[in-house]
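The figures that follow rest on heavy atoms only: side chains count, while hydrogens, waters and symmetry mates do not. In the text below, chain A, chain B and the rest are named by the order of the sequence lines, each starting its count at 1. Given the structure is predicted, the values throughout are model-derived calculations rather than measurements.
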Amino acid sequence: MSDSPSARRRAITALSAIGIVALAVSGCAPSSEPAPDPSDLAGQTIRMTVVQAGFRPAMEPAIARFTEETGIKVELVGYGGDQIQEKTQLEVSSRSSNIDVYALDGPPYMATMHDALEPLQPYVDRDGVDLDVYIPSMLEMGRYPSDFTQKEAGYKSGTGEVLGLPVRIGPHILHYRKDIFEQFGLEAPKTLDELREQAKTITEGTNGEVYGVALEGAQSLYIVLQWYDILWSFGADVFDETLTKATLDDPRAVEATEYFVNLYQDGYAPPSTPSADLDAAVALLQQGSAAMYPEYFPRHAVLNDPEASKTAGQWIAAPIPGNDGNPGVAVVTGWSLGVNKYSEHKDAAWELIKFLTSPEVQLSMAVENGNAPTVASVYEDAKYQELVPAAAVALEAAQSSKARSGLPGILEIEQTILAFELNAALVGDKTPAQAMKDAQQRITDVLK
Amino acid sequence: MGHGPTQSRRRQERWGFAPYLLPAILVLAVALLYPLTYSLYTSFHEVSLYDLSRWDFVGIDNYTNLLFGNPAFWPSLRVTGIFTVVSVFLEVVLGLAIALLLNIAIRGSKLARTVVLLPMMLTPIVISLIWKMLFNGDVGLLNYGLSTIGIDGPQWLGDTSWALTAVIVVEVWQNTSYAVLIFLAALQGVPDDVIEAAHVDGAGWWRSTWHIVIPFLRPALVIVLIIRTLFAFRAFETVFALTSGGPADSTLILSLFLQRTAFRSFDLGEASAIGWVMFLLALAISVVYLLALRERTPKRGRR
């Protein structure tokens, strides 16, 4: 039935309506493989992994539109945020064709999954997709090797193979309370020293009713991510440039950790900090118990949601402050979409990726479904700016942010070693110096 | 010659059921034996979730490394031991007390029985999430309650000296009802005439309970001890949802340690070794229980 001329015409009309089919119709694709007739793809079913919370609801309406326009059915395979990497790794390691489109959370995924991903450059060339529309750091995260993965010394940014296109972004920004800052006559902090002073002023000025800053101190990935902001802004790092050597013996790493730990130990963060995970911190902030919060940009909408938050409407944003004359370097995480090399529906999978990462769909998902966009021009859209005033800050943060490191063993390094050492320093089981010394030793062992 | 047919009939009687057991044995073999053997096989190999095509035989390296090289193993075993012993002890004591109370037929005791069993019907994850909110040191109900009577509550889940206690509280809260259920059932089997006779002889409630009822509960006690010990020993969800092993690994029970080794370090060989060490320990505990508690149950006097 899809062979009938009218069905084909309908499908072609639908596709050209979203402006992605011009090259396919003319049949002069630059790659060696000819572009498939889009109507041949109609009726195929592809499977894509997503994180159940946030990610999935942001994608679903656009995916429904995709199916309507192309006839390609999409099944979403949803996982919890703390499970998706091991589940994806299991699929990848067993070379399964079960999933067609993998959601990839940046360099940690690329490090161990790049062999199982289809290089996308031929598809990009064939369909004339413009890669320059993406925020450069986001595009770089979908490459292997990249600025953020293990590589030969002298790697030039933007030359790694494109294995994923960016669909969803999450730089850390400083969320802070307009009303509290006005009450104390404060402006957004420009330096980390200033942030600590303001945290002190607010905590003491409110007698501990409102703490200066909320941190996610529980033994999990989140304490590590918040610590990265500080560590990097202090000019230190966990690894050297090629990600083959641990560098936490740098005195600046100890200073950064002391700074981080002292925010809590000096009493400027809530007492429950050592057990606070993402949800606990957000609950606290929605209640109004803290004035600053260095976290993902997408959290902004949650804090300002009048249905969930007592402090809705009071949250504005600033970049993560810098240190010692340097601008802040925040962590940026973000999801790319890649095609499974073993998939039996590669062309359909690519069509979905092309659709979801296109400027037009990125804009509609941002405005209608709260997805944090990866296409730079969306941040200049008037409607989006009006809806999300923090957008400008987020774009600025994303441009200058740094991604998590991509090397085998990063999960163990971040979630077993660093999460433990930082949490132990926070609760006072170890000094920051000892924690860094132990982390250095243990990470060196993993890298061997 | 004459007794030949009888013997074969006897043999048939003894083994005639065998074919009927075959499906069950097959299911057991597939569902139990296969994964067990497979994990034993895995535990003698170096194999990573990153690359499932490479299996390097390493003999008992995973075991020696676990017992003598891995700094997290012995602390984790200690935490598991405390967690198991304390929670099972509390569950048995509380379970017995509650069962004895519920066994007294008064108005409302049927309703009370239902209420006591409620925790068993809830999903462990849900229970843990509720308790996590209760335990929150800043906005939690528990510390608010304590503050109204002038006590400054600790950071339950954020303090290395309190987190294990908090985790045990939740484990006990959830699983005491199992002990109650078994003890209540066993209490129905205690013969009334013996107790009545004791009362006639002048024994009060306390003495008849201690000397008659509790000895009768010994088989139930064995069941509760074995089942609860084994379940507490391999508990996972409760602690995972409450603390994920923190703060500073103070609640890192073995099952979490195993999960971390398998899915954070992706070291499937070592994770399987942890699994087998846990299995052998559980086996040892069961044998000790069975030996210690067998055949001491009072028999009713022969009539």
Side-chain angles (χ1 to χ4, degrees), chain A residues 82-83 85-87 89-90 92-95 111-113 115 208 211 214 217-221 223 264 269-277 279-281 283-284 286-290 408-417 419-430 435 438 442 446, chain B residues 47-54 65 69-72 75-76 125 129 131-133 135-140 142-143 152-163 166-167 239-252 256-257 259-268 270-271:
Chain A
D82 54 351
Q83 275 188 339
Q85 184 159 3
E86 68 208 41
K87 298 284 186 191
Q89 185 67 54
L90 201 57
V92 164
S93 299
S94 54
R95 297 183 187 167
T112 59
M113 300 174 189
D115 277 345
Y211 286 91
Q219 193 177 337
S220 79
L221 178 61
I223 188 175
Y264 163 70
S272 63
T273 297
S275 62
D277 55 13
D279 293 338
L284 214 82
Q286 290 178 334
Q287 297 270 335
S289 303
I410 189 65
L411 272 184
E412 181 178 2
I413 290 171
E414 287 182 337
Q415 298 187 36
T416 303
I417 300 174
F420 168 80
E421 299 294 346
L422 292 170
N423 183 253
L426 198 70
V427 298
D429 263 21
K430 288 184 179 189
D438 295 347
R442 292 172 69 188
V446 171
Chain B
V47 50
S48 163
L49 194 55
Y50 288 130
D51 183 2
L52 291 175
S53 60
R54 272 191 62 188
N65 182 46
N70 195 321
S76 178
I125 287 286
L129 291 179
W131 275 97
K132 198 170 177 176
M133 286 191 273
F135 276 134
N136 186 298
D138 289 318
V139 290
L142 190 64
N143 277 5
D152 194 10
Q155 290 298 326
W156 294 98
L157 301 174
D159 187 330
T160 44
S161 41
W162 281 103
V167 165
V239 190
F240 181 72
L242 277 173
T243 64
S244 295
D249 280 356
S250 58
T251 56
L252 186 73
L256 279 175
F257 178 47
Q259 186 253 2
R260 194 185 272 184
T261 308
F263 296 118
R264 294 293 170 261
S265 308
F266 287 174
D267 188 343
L268 299 185
E270 181 104 345

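When heavy atoms are compared at a cutoff of 4.5 Å, B:Phe257 does not approach chain A at all. Contact of A:Asp277 with chain B is made through the side chain alone, with heavy-atom distances under 4.5 Å. For chain A, the nearby part of B:Thr160 is the side chain; its heavy atoms alone come within less than 4.5 Å.
The CG atom of A:Asn423 sits 8.0 Å away from atom OG of B:Ser250, with the distance rounded to the nearest 0.5 Å. Within the model, atoms CG of B:Leu252 and OG1 of A:Thr416 stand 9.0 Å from one another, a figure rounded to the nearest 0.5 Å. How far CG of A:Leu411 is from CZ of B:Phe263: 11.5 Å, rounded to the nearest 0.5 Å. Summarising the geometry, atom OG belonging to A:Ser94 is positioned 9.0 Å from atom CG belonging to B:Leu49; distances are rounded to the nearest 0.5 Å.
Options A:Ser272, A:Ala111, A:Ser275 differ in how many heavy-atom pairs under 4.5 Å they form with chain B, and the most are formed by A:Ser272. Heavy-atom pairs under 4.5 Å with chain B peak, among A:Ile413, A:Asp429, A:Asp279, A:Thr273, at A:Asp429. Counting heavy-atom pairs closer than 4.5 Å to chain A, the top residue among B:Gly246, B:Ser265, B:Gly137 is B:Ser265.
Among residues two or more places apart in sequence or in another chain, the ring pair (Phe, Tyr, Trp, His ring centres under 6.0 Å) test is passed with B:Phe135 by B:Trp131, B:Trp156. Scanning for side chain to side chain contact (heavy atoms under 4.5 Å, CB included) contacts around A:Ser93 gives A:Gln89, B:Leu52, with sequence neighbours left out.
Put simply, the side chain of B:Gln155 never gets that close to the backbone of A:Pro274: no donor and acceptor are under 3.5 Å apart. Side-chain atoms of B:Tyr50 come within 3.5 Å of backbone N or O of A:Gly409 as a donor-acceptor pair. Between the side chain of A:Gln219 and the backbone N or O of B:Pro247 there is no donor-acceptor pair closer than 3.5 Å.
Taking 4.0 Å as the cut-off between side-chain N and carboxylate O, B:Arg264 and A:Glu86 count as a salt-bridged pair.
For the pair B:Asp138/A:Leu284, a side-chain contact is recorded, criterion being any heavy-atom separation below 4.5 Å from C-beta on.
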